[in-house]
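Hydrogens, waters and symmetry mates play no part in the numbers below; they use all other heavy atoms, side chains included. Just so it is clear: chains get the letters A, B, ... in the order the sequence lines come, proteins before strands, and each one is counted from 1. Fair warning: this is a prediction, and the values are worked out from it, not measured in the lab.
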Protein chains: 2
Amino acid sequence: MAAMELDKTDRKILAILQADGRLSNQEVAERVSLSPSPCLRRIKRLEDAGIIRQYVALLEPAKIGLGLLAYVNVRLEKQRDAQASGSARSGSATPRTDFAASVENWPEVVACYAMTGEMDYLLRVHVEDMEHFSRFMMGTLLRHPAVLDVKSSFALQRIKDTTALPLL
Amino acid sequence: MAAMELDKTDRKILAILQADGRLSNQEVAERVSLSPSPCLRRIKRLEDAGIIRQYVALLEPAKIGLGLLAYVNVRLEKQRDAQASGSARSGSATPRTDFAASVENWPEVVACYAMTGEMDYLLRVHVEDMEHFSRFMMGTLLRHPAVLDVKSSFALQRIKDTTALPLL
DNA sequence: CGTGAAACATTAGCGGC
DNA sequence: GCCGCTAATGTTTCACG
């Protein structure tokens, strides 16, 4: 958890792997002018430090039938906590925690952040089309007891969307 | 560009590679109960069809000094097109196109979508802290001639954030 | 789709700066 | 501490059945 120092070579490695996560260690080593073993040691260090969190394949939504991307702002009801129900209360089922737990099980929701401002949460939702979106809203999101209201916007055009973070 | 049919095995491969993009072909083959060569042929097919767009390493923002995530809604000025300037007009420099071009050069902006609703664009912006954000706003975004106004919200808590799309 | 073989990549141990 | 060599092991990739 120490805030590990990154030198120029480490940053170069991160930039390379952010652009192509499947490059062989040899290829990376060559591009940073190192031999394979110290390069591999650095990559391992970055992985172990949690700086490299994961390697993934990115898919093209349109090509797997996900034609519609929505951002949904969600407002939750205020904490209505000390309301005893029939059985023993576990003590931690606030609207916020069980909304968060539900989000995990909704595969259409690929991202969810608690936000400042009027709305409590911002969700990124991938669906096939408006009908699928509608089904998700009526059948799932709006039915969740913690949800007070929502406001949706739809993506018209992707200008940029990268997983590559800026390296300071 | 044909809307390529995906069978159960293809979907399984996509699910596996969305979760770990560095698995060896052998490992993937084993998990889908195939031998390495047909498995590799399938993966190549998925790459060539553009269904697998890219392989990347995901970094942990907090561990590389990016402590603040903002979503910024941007409204552009209306097209003020037929305004001849001193020299010949190239014909395509609308506010929208040159805003889009600028976004490409701002590494803090990792995503930008044109959206329905009151605001024209939604930007996802990774910065170190409020001071960095403020510098980006005053020095870059608000200085762009096409930008009319902006509204920002900040992430308080990441509930979920995955690149893995739902497979229908 | 699977087999096999050549080319290539990974990774641990060790010596050197 | 960090680098680079070597050598054993494992993986990719393709022609062919």
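- Look at CD1 on B:Ile43: it is 12 Å from P on C:dC1, rounded to the nearest Å.
- For the pair A:Leu46 CG and D:dC2 P, the computed distance is 12 Å after rounding to whole Å.
- Residue A:Leu40 contributes atom CG, which lies 15 Å from atom P of D:dC5 at whole-angstrom precision.
- Within the 4.0 angstrom heavy-atom criterion, only backbone atoms of the sugar-phosphate kind lie near B:Ser24; the bases stay farther away.
- By the 4.0 Å N-to-carboxylate-O rule, A:Arg75 lies too far from A:Asp120 to be salt-bridged with it.
- Between B:Ser37 and A:Ser37, the residue whose closest nucleotide on DNA chain C is further toward the 5' end is B:Ser37.
- Note: CD (B:Gln26) to P (D:dT11) measures 5 Å, nearest angstrom.
- In this structure, CG on B:Leu142 lies 9.5 Å from OG on B:Ser134, to the nearest 0.5 angstrom.
- Of the side-chain N and O atoms in A:Lys44, one or more sit less than 4.0 angstrom from OP1 or OP2 of C:dT11.
- The 5' end of DNA chain C is approached more closely, in terms of each residue's nearest nucleotide, by A:Glu27 than by the other of A:Arg41 and A:Glu27.
- Separating the CG atom of B:Asn25 from the P atom of C:dA9 is a distance of 15 Å, rounded to the nearest angstrom.
- At D:dC3, one or more side-chain N or O atoms of A:Arg42 fall inside 4.0 Å of OP1 or OP2 (strictly under the cut-off).
- Spacing between atom CG of A:Leu34 and atom P of C:dC17 amounts to 18 Å, rounded to whole angstrom units.
- Under the 6.0 Å distance and 45° angle rule, B:Arg158 does not count as a cation-pi partner of A:Tyr113.
- Looking at which nucleotide of DNA chain D each of A:Cys39 and A:Arg22 is closest to, the 5′-most match is held by A:Cys39.
- Between A:Phe99 and A:Val74, the closest side-chain pair of non-hydrogen atoms falls below 4.5 Å.
- The existence of a salt bridge linking A:Arg11 and A:Glu5 is excluded, since no basic side-chain nitrogen approaches an acidic carboxylate oxygen closer than 4.0 Å.
- Spacing between atom CG of B:Leu23 and atom C1' of C:dA9 amounts to 16 Å, rounded to whole angstrom units.
- For D:dC5, its base never sits under 3.5 Å from the side chain of A:Ser35 at any donor and acceptor pair.
- With rounding to whole Å, A:Ile13 atom CD1 is found 12 Å from D:dC2 atom P.
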